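For reference, the structure is listed below as structure tokens.
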Amino acid sequence: MLTKYNPAEIEKKWQKIWDEENTFAAENGTEKPKFYALVEFPYPSGQGLHVGHPRSYTALDVVARKRRLEGYNVLYPMGWDAFGLPTENFAIKNHIHPEIVTKNNVARFKSQLQALGLSFDWTREINTTDPEYYKWTQWIFLQLFKHGLAYKKEMSVNWCTSCKCVLANEEVVNGVCERCGGEVVHKVKSQWMLKITEYAQRLIDDLDLVDYPERVRAQQIHWIGRSTGAQVTFQTTAGQPVEIYTTRPDTLFGATYMVVSPEHPLIEEWMKSGVLQNIDQVRAYQEAAAKKSDFERTEVAKDKTGVKLEGVMAINPVNDREIPIFISDYVLVSYGTGAIMAVPGHDTRDWEFAKKFGLPIIEVVKGGDVEKEAFTDCATGIMVNSGFLDGLTVEEAKKKIIAFLTEKGIGESKVNFKLRDWVFSRQRYWGEPIPIVHCPHCGFVPVPESQLPVRLPMVESYEPTDNGESPLAAITDWVNTTCPVCGAPAQRETDTMPQWGGSSWYFLRYCDPHNDKELASKEALEYWMPVNWYNGGMEHTTLHLLYSRFWHKFLYDIGVVPTPEPYAKRTSHGMILGENGEKMSKSRGNVVNPDDIVNEYGADTMRLYEMFIGDFEKAAPWSSASIRGCRRFLERVWALGESLVSGDGVRPQLEISVNKTIRKVGEDIENLKYNTAIAAMMALLNELCDAGGATREEYRLLLLLLNPFAPHMTEELWERMGYGGQLAHAQWPKYDPAKCVEETVEIAVQINGKIRTRLQVPTTAGAPEVLALAKADEKIAPALEGMQLVKELYVPGKLVNLVVKPA
RNA sequence: GCGGAUAUGGCGGAAUUGGCAGACGCGUUAGAUUCAGGUUCUAAUGAGCGCAAGCUCAUGGAGGUUCAAGUCCUCUUAUCCGCACCA
């Protein structure tokens with residue numbers, strides 16, 4: 001063969017062949033076992049591919065390629081999550097239509113991905129901005145609407161002043177916009193909402209049905225934030241009762257005041273009815289609270305503020321004591337009932353507030369010093385100053401008080417979630433139009449399914465407006481329509497969906513991407529779902545991952561999909577950092593462009609390096625020095641093929657190494673341990689070189705093992721060596737467990753836990769035999785002289801430990 | 001503050017149920033080859049002591065359990081990620 005390894009040439013060659021032959025196309029409706037591998041489809045940004053993308057894509061490509069060799073029908077698809085703000089902003093700035101921008105970006109991304117030799121089934125490529133795709137995104141929205149899970153609500157929302165757009169709670173990070181870092185303020189707007197809260201419990205419970213990493217599980221559970229407590233009714237001197245929520249109903253006797261959020265609706269009533277005496281003061285506080293941005297609100301979270309409501313008192317239902325009512329922004333209108341009973345003795349926030357406003361602090365659980373700080377540790381305490389609860393433990397008191405409240409009809413046990421409903425409206429152009437018509441007579445009317453998709457109108461200007469209206473609102477001949485029910489003049493909904501819409505079900509579309517009758521056929525879904533292995537970033541844990549589980553559960557409930565969960569197994573890769581250990585970013589100047597790496601070293605080296613860089617689940621800094629080691633390894637593999645040694649099959653002295661490597665590479669790939677799988681292949685290569693070269697069969701096995709990582713090079717060598725057919729259609733090698741065991745093992749011999757010598761013993765030797773050998777050893781025997789043998793241990797295949805003491 | 005994780009050579013990282021710490025790679029050093037340089041090959045490479053056989057110390061820190069601890073327990077420090085007035 002005697003040619004130099006030239007990745008540029010052979011990579012192009014094989015990419016062309018794979019493309020022309022559709023080598024990696026998945027088949028619907030075969031008898032073969034299926035395997036559905038999925039990676040998060042990218043947002044085709046203007047910057048092109050990042051070196052972080054291939055880490056995830058290559059990892060599952062390795063799995064997908066291995067599964068194919070193992071005889072599976074593999075679905076490993078790719079597509080584009082192409083709606084979104086950066087495209088729209090770029091389009092506005094450069095006066096190019098977002099559709100064109102998207103097309104260009106997709107073309108660039110696709111060629112970059114293809115240059116990496118990823119075995120995606122490109123016949124199933126999808127694009128969320130394709131009307132044939134978003135038709136079904138809209139269809140799902142209509143089903144949600146018809147089942148009462150999509151509703152419109154006047155509410156205070158997060159408004160990004162820079163994007164000029166509403167954000168979901170999940171999109172607000174540290175009080176600023178997750179995407180652009182812009183200031184987020186509150187704005188009261190009428191918004192489409194999705195009732196994800198209806199699924200809160202199931203989104204927690206069904207985590208037991210799937211295989212997710214602990215950190216993902218924990219983060220989702222924490223985000224959903226279930227708590228159990230009680231809702232209790234407090235009467236007031238003004239007449240109207242106030243409902244409060246507490247997780248500590250046992251401390252009810254210690255409630256010395258009440259706090260309601262500044263937005264609590266009862267305040268308006270008390271103003272109107274005239275019972276409230278300090279209206280001006282209360283108004284001023286409400287306005288100040290409303291004006292604060294999310295950022296300020298979290299910044300100044302330390303110091304408690306508030307105003308007492310003069311003229312109205314609440315009545316503690318267990319002892320009929322009148323207690324004052326305050327408003328304070330430490331109570332959130334959106335959680336629980338927007339009102340709390342304050343127990344300063346046993347809640348830190350209440351304690352701070354009570355100290356500041358000079359309110360009484362009553363100890364109701366013994367064990368702390370409530371004058372010094374709130375005693376919140378409820379596990380140990382015994383109830384005091386609590387009437388009929390005195391002497392009980394906290395747990396007993398909780399049960400007893402809830403029984404008491406329930407019997408009197410003034411309270412009940414109650415579960416609350418931190419999870420809020422999903423704000424689903426965006427006031428931007430480049431998104432799926434929400435398929436609803438506003439009719440003055442009929443209200444919100446769904447667009448008939450036969451009229452889907454509601455296409456985005458082609459327009460000249462799609463700039464966001466300062467008044468908070470969608471740019472679509474200005475396109476009157478699109479907005480004005482007729483009511484599908486009564487035929488009267490009506491108007492289209494002008495808000496669009498958030499980017500999370502299209503990505504909440506895309507994995508279903510891959511099963512049957514060209515279906516124009518359904519989002520995917522029943523047969524296709526039953527065959528392919530659930531996704532067997534889904535890899536993606538941690539940043540999507542509380543956004544995409546939660547949203548898509550919610551949509552999927554809904555679709556399951558209405559009989560569209562066959563599984564309660566979309567993804568059987570989820571894994572998460574670590575980030576690839578810049579060479580300086582910091583996150584890669586343009587401003588830090590540490591960005592590595594994958595194109596440059598492919599050009600300089602080839603795609604196979606790039607793939608191999610990204611899999612070898614470190615623990616797959618952890619962040620790892622890029623190293624331009626280390627990547628050379630990967631290229632060197634491939635060159636050595638190449639060179640090994642040039643001088644095969646004669647011999648049939650695997651030579652006896654290499655049988656064990658070869659079998660062990662086959663086992664290790666296979667197992668490591670399944671366990672996300674790509675780095676050690678590669679290390680094992682490197683070790684085998686070293687051994688083959690030490691043995692003077694590889695036989696034809698040994699080399700063939702090495703190429704098979706390496707193929708998922710370096711598919712082009714191994715395919716080329718497979719052809720040159722004439723192993724027959726294409727490697728892509730070959731069979732993954734099997735190992736013989738009997739041949740993974742050496743004939744002799746090296747045993748460490750310790751005296752009192754310190755290693756004295758090493759011994760070769762037959763693998764089959766039993767404990768007495770090995771111990772006898774050890775004790776007779778020339779290094780060990782003298783050391784045992786005059787000592788008393790207290791204990792002798794033999795760990796099979798590992799070590800002997802002789803415990804001695806002076807006789 | 002709460003939740004999750006991490007800490008091992010100069011660097012990235014290995015290490016089944018507790019059982020020989022540092023696999024594999026990078027880097028470095030020496031030598032060989034080629035030479036304009038890179039490439040390639042061989043050897044060495046945790047630290048300290050020793051001519052050597054060898055010894056001692058080493059997995060963020062301090063204790064503990066154990067014949068045996070990177071691994072288990074307690075405390076502690078640092079870093080990263082997520083959440084954060086959620087009653």
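Quick note on labels: first sequence line is chain A, next is B, and so on, each numbered from 1. Because the structure is predicted, anything quoted here is derived from the model rather than measured.
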Problem - rC55(B) OP1/OP2 closer than 4.0 Å to side-chain N/O of R756(A) - result: yes
Exercise for the section: State whether the side chain of K414(A) and the backbone N or O of T228(A) hold a donor-acceptor pair below 3.5 Å, judged by distance alone. Expected result: no
Handout entry: rA23(B) and rU16(B), which share atom name C1', separated by this distance in whole Å
Key = 15 Å
Practice task
Rounded off to whole Å, could you give me the CD-to-C1' distance for the Q220(A) and rC81(B) pair?
Solution key: 16 Å
Practice task
Assign N675(A) to base, sugar-phosphate, or nothing according to its heavy-atom contacts below 4.0 angstrom with the strands shown.
Solution key: sugar-phosphate
Exercise for the section: Inspect the contact between K673(A) and E667(A) and indicate whether a charged nitrogen and a carboxylate oxygen are less than 4.0 angstrom apart. Expected result: no
Exercise for the section: Pick base, sugar-phosphate or nothing for Q750(A), based on heavy-atom distances below 4.0 Å to the nucleic acid. Expected result: base
Exercise for the section: Would you indicate, yes or no, if rA23(B) has its OP1 or OP2 atom less than 4.0 angstrom from a side-chain nitrogen or oxygen of N686(A)? Expected result: no
Exercise for the section: Using a 4.0 Å heavy-atom cut-off across all strands, classify A619(A) as base, sugar-phosphate, or nothing. Expected result: sugar-phosphate
Exercise for the section: Name the nucleic acid region contacted by R217(A), choosing base, sugar-phosphate or nothing; use a 4.0 angstrom heavy-atom cut-off, strictly under. Expected result: nothing
Fill in the blank from the handout: Of the listed rG3(B), rA87(B), rA14(B), the closest approach to the D615(A) side chain comes from rA14(B)
Handout entry: Distance in angstrom units between Q219(A) CD and rA84(B) P, rounded
Key = 11 Å
Problem - Between P of rC2(B) and CZ of R226(A), the distance in whole Å - result: 22 Å
Problem - Span that lies between the P atom of rA78(B) and that of rA87(B), in whole angstrom - result: 29 Å
Exercise for the section: Using the C1' atom on both, measure rC67(B) against rC72(B) and round to a whole Å. Expected result: 16 Å
Problem - Inter-nucleotide C1' distance (rA68(B), rA21(B)), Å rounded - result: 14 Å
Practice task
Taking atom P in both rG61(B) and rG9(B), compute the distance separating them and give it to the nearest angstrom.
Solution key: 10 Å
Exercise for the section: Could you tell me the separation between the CD atom of E171(A) and the P atom of rC83(B), rounded to a whole number of Å? Expected result: 13 Å
Practice task
If the glycosidic angle is within 90 degrees of 0 it's syn, otherwise anti, so just tell me which one rG46(B) is.
Solution key: anti
Exercise for the section: Inspect the contact between D303(A) and K356(A) and indicate whether a charged nitrogen and a carboxylate oxygen are less than 4.0 angstrom apart. Expected result: yes
Practice task
Could you give the distance separating rU28(B) and rC35(B) at their C1' atoms, to the nearest angstrom?
Solution key: 22 Å
Problem - Distance (rounded to the nearest 0.5 Å) between R55(A) CZ and Y609(A) OH - result: 9.5 Å
Exercise for the section: Using a 4.0 Å heavy-atom cut-off across all strands, classify K673(A) as base, sugar-phosphate, or nothing. Expected result: sugar-phosphate
Exercise for the section: Please work out if R631(A) contacts a base, only the sugar-phosphate, or nothing of the nucleic acid, heavy-atom cut-off 4.0 Å. Expected result: nothing
Practice task
Scan I613(A) against the nucleic acid and name what it touches under 4.0 Å (heavy atoms): base, sugar-phosphate only, or nothing.
Solution key: sugar-phosphate
Exercise for the section: Name the nucleic acid region contacted by S623(A), choosing base, sugar-phosphate or nothing; use a 4.0 angstrom heavy-atom cut-off, strictly under. Expected result: nothing
Fill in the blank from the handout: Whole-Å distance, M611(A) CE to rC24(B) P, equals 21 Å
Problem - Donor on one side chain, acceptor on other, S624(A) and E579(A), under 3.5 Å - result: yes
Practice task
Taking only the side-chain heavy atoms of Y245(A) (C-beta and beyond), determine which of rA87(B), rC55(B), rU16(B) contains the nearest atom.
Solution key: rA87(B)
Practice task
Decide, yes or no, whether a salt bridge links E373(A) with K355(A) under the criterion of side-chain N to carboxylate O below 4.0 Å.
Solution key: no
Problem - Gap in Å between the two P atoms, one belonging to rC24(B) and one to rA14(B), rounded - result: 14 Å
Practice task
Measure from CH2 on W223(A) to C1' on rC2(B) and round the result to the nearest Å.
Solution key: 15 Å
Handout entry: Pair partner, rU71(B) [Watson-Crick or wobble, under 3.5 Å]
Key = none
Problem - Check ion pair K304(A)-D329(A) (N to O, under 4.0 angstrom) - result: no
Practice task
Mind checking S227(A) for me? I need base, sugar-phosphate or nothing, with any heavy atom below 4.0 Å counting as a touch.
Solution key: sugar-phosphate
Exercise for the section: Remember a base hit wins even if backbone is also touched, and classify E746(A) as base, sugar-phosphate or nothing at under 4.0 Å, heavy atoms. Expected result: base
Practice task
Looking at every strand, decide which applies to R636(A) at a 4.0 Å heavy-atom threshold: base, sugar-phosphate, or nothing.
Solution key: sugar-phosphate
Handout entry: Pairwise C1' distance, rU45(B) and rG25(B) [rounded to whole Å]
Key = 14 Å
